[in-house]
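Notes to accompany the following structure.
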Amino acid sequence: MTTDLESRIRQLEDRTQISEQVIKYAVGVDRRDWVMFAGCFTDPVYADFSGGGMPAATVSRADLVARISAVLNGFTATQHLSPNHIIEFDAADPDRAICYSYMYAQHLLRGSGSGEFYLLRGSYTNHMLRTPEGWRIERIVQHRSWEYGNTSAVTEASARSQA
């Protein structure tokens, strides 16, 4: 543990900024504020949503926004909660950290014959990098724990968004 007061204050500020970036990810998708969402990531970014069918890959930030917005824009409404942040700093590199966070993602798809509600629960591993613009997610890995409701809602929402 660092005993220098200035270092300890900086680490508290870093924790707040890291946590806020992870929360902005959730708020950005729910508001469909794709500028806010994009601002959470480095460019390029490694994204692993393979549990949901999107292959893990390093992509441009714009490509990630396009992929996520193409799905979520098709939902009537969503609510993504990002609680329980545990932040671990890299002892060898003060500009890197990992933020582990829970995921509670509710999706409403009015008029769906397969059910209007879809719930996804799990967690994220967010690899953070301090950039000149502040902390950003440089690697994000989604871990799905369980689903409930219309498990085909993502496919249907994506089709609605592209129509």
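Under the 4.5 Å side-chain criterion, counting only non-hydrogen atoms from C-beta, Val45 is in contact with Val59. For the pair Val154 and Met54, the minimum side-chain heavy-atom distance is 4.5 Å or more.
A salt bridge between Glu156 and Arg160 is present, with a side-chain N of the basic residue lying under 4.0 Å from a carboxylate O of the acidic one. Salt bridge absent: Lys24 and Asp33 never bring a charged side-chain N and a carboxylate O closer than 4.0 Å. With salt bridges taken as basic N to acidic carboxylate O contacts below 4.0 Å, none links Glu133 and Arg136.
The CG atom of Leu129 lies 10.0 Å from the CD1 atom of Ile18; values are rounded to the nearest 0.5 Å. Here the CE atom belonging to Met103 is positioned 6.5 Å from the CZ atom belonging to Arg144, to the nearest 0.5 angstrom. The CG atom of Asp90 lies 9.5 Å from the CG atom of Asp95; values are rounded to the nearest 0.5 Å. To the nearest 0.5 Å, the span separating CD1 on Ile9 from CG on Asp4 amounts to 9.0 Å. Note that OG1 of Thr16 is 11.0 Å distant from CD of Gln11, once rounded to the nearest 0.5 Å. Separation of atoms SG (Cys40) and CD (Glu138) is listed at 14.5 Å; rounding is to 0.5 Å.
Under the 3.5 Å distance criterion, the side-chain polar atoms of Ser152 are left unmatched by any main-chain donor or acceptor of Thr155. Although no hydrogens or angles enter the test, the distance criterion places no donor-acceptor pair under 3.5 Å between the side chain of Ser82 and the main chain of Ala26. When atom types are taken as modelled, the side chain of Glu116 and the backbone of Asn150 share no donor-acceptor pair closer than 3.5 angstrom. Asp30 contributes a side-chain N or O that, together with a main-chain N or O of His80, makes up a donor-acceptor pair within less than 3.5 Å. The backbone N or O of Ser161 sits nowhere less than 3.5 Å from a side-chain atom of Asn73 that would complete a donor-acceptor pair. Checked by atom type and distance alone, the side chain of Asp43 pairs as donor or acceptor with a backbone atom of Arg61 at under 3.5 Å.
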| task | Show your reasoning for whether side chain to side chain contact (heavy atoms under 4.5 Å, CB included) applies to Ile140 and Phe41. | result | CA-CA 9 Å; Ile140 185 168; Phe41 300 97; 4.3 Å; yes
| Derivation of the side chain to side chain contact (heavy atoms under 4.5 Å, CB included) call for Ile87 and Met128 | CA-CA 10 Å; Ile87 299 166; Met128 307 297 296; over 6 Å; no
| field | Intermediate values then yes/no, side chain to side chain contact (heavy atoms under 4.5 Å, CB included), Glu6 and Arg10 | value | CA-CA 6 Å; Glu6 186 175 324; Arg10 180 176 181 178; 5.8 Å; no
| task | Show your working on side chain to side chain contact (heavy atoms under 4.5 Å, CB included) between Tyr100 and Glu88 and close with a plain yes or no. | result | CA-CA 8 Å; Tyr100 302 96; Glu88 296 176 354; 3.5 Å; yes
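Taking each heavy atom of Leu109 and Gly74 in turn, the nearest pair found is CD1-O, 3.4 Å. In this structure, Trp135 and Pro94 approach most closely via the heavy-atom pair CH2-O, 3.7 Å. Contact between Gln162 and Ala70 at its shortest, heavy atoms only, is NE2-CB, 4.5 Å. Summarising the geometry of His85 relative to Ser19, their closest heavy-atom pair is ND1-OG, 2.6 Å, with the distance given to 0.1 Å. Contact between Pro55 and Gly53 at its shortest, heavy atoms only, is CD-O, 3.4 Å.
Residue Tyr148 places its OH atom among 12 or fewer non-hydrogen atoms of other residues, nucleotides or ligands, all under 6.0 Å distant. Within 6.0 Å of the OH atom in Tyr102, the count of heavy atoms belonging to other residues, nucleotides or ligands does not exceed 12. The environment of CG in Leu12 is crowded: more than 12 heavy-atom neighbours from other residues, nucleotides or ligands sit within 6.0 Å.
Ring planes of His107 and Tyr118: tilted class, angle from 30 to 60°.
The same ILVMFWY cluster, assembled from side-chain heavy atoms under 4.5 Å apart, contains both Val65 and Phe49. Linking ILVMFWY side-chain heavy atoms closer than 4.5 Å, directly or via other members, places Trp34 and Val71 in a single hydrophobic cluster. The same ILVMFWY cluster, assembled from side-chain heavy atoms under 4.5 Å apart, contains both Tyr104 and Phe117. Cluster annotation: Val29 is not connected to Ile23 through the hydrophobic network of ILVMFWY side chains, with a link wherever side-chain heavy atoms come within less than 4.5 Å. When hydrophobic clusters are built by joining Ile, Leu, Val, Met, Phe, Trp and Tyr residues whose side-chain heavy atoms come closer than 4.5 Å, directly or via intermediates, Leu119 is grouped together with Leu81.
Checking Arg32 against Thr78 by side-chain atom types alone, a donor-acceptor pair falls below 3.5 Å.
Side-chain rings of Phe37 and Tyr25 approach one another, their centers coming within less than 6.0 Å.
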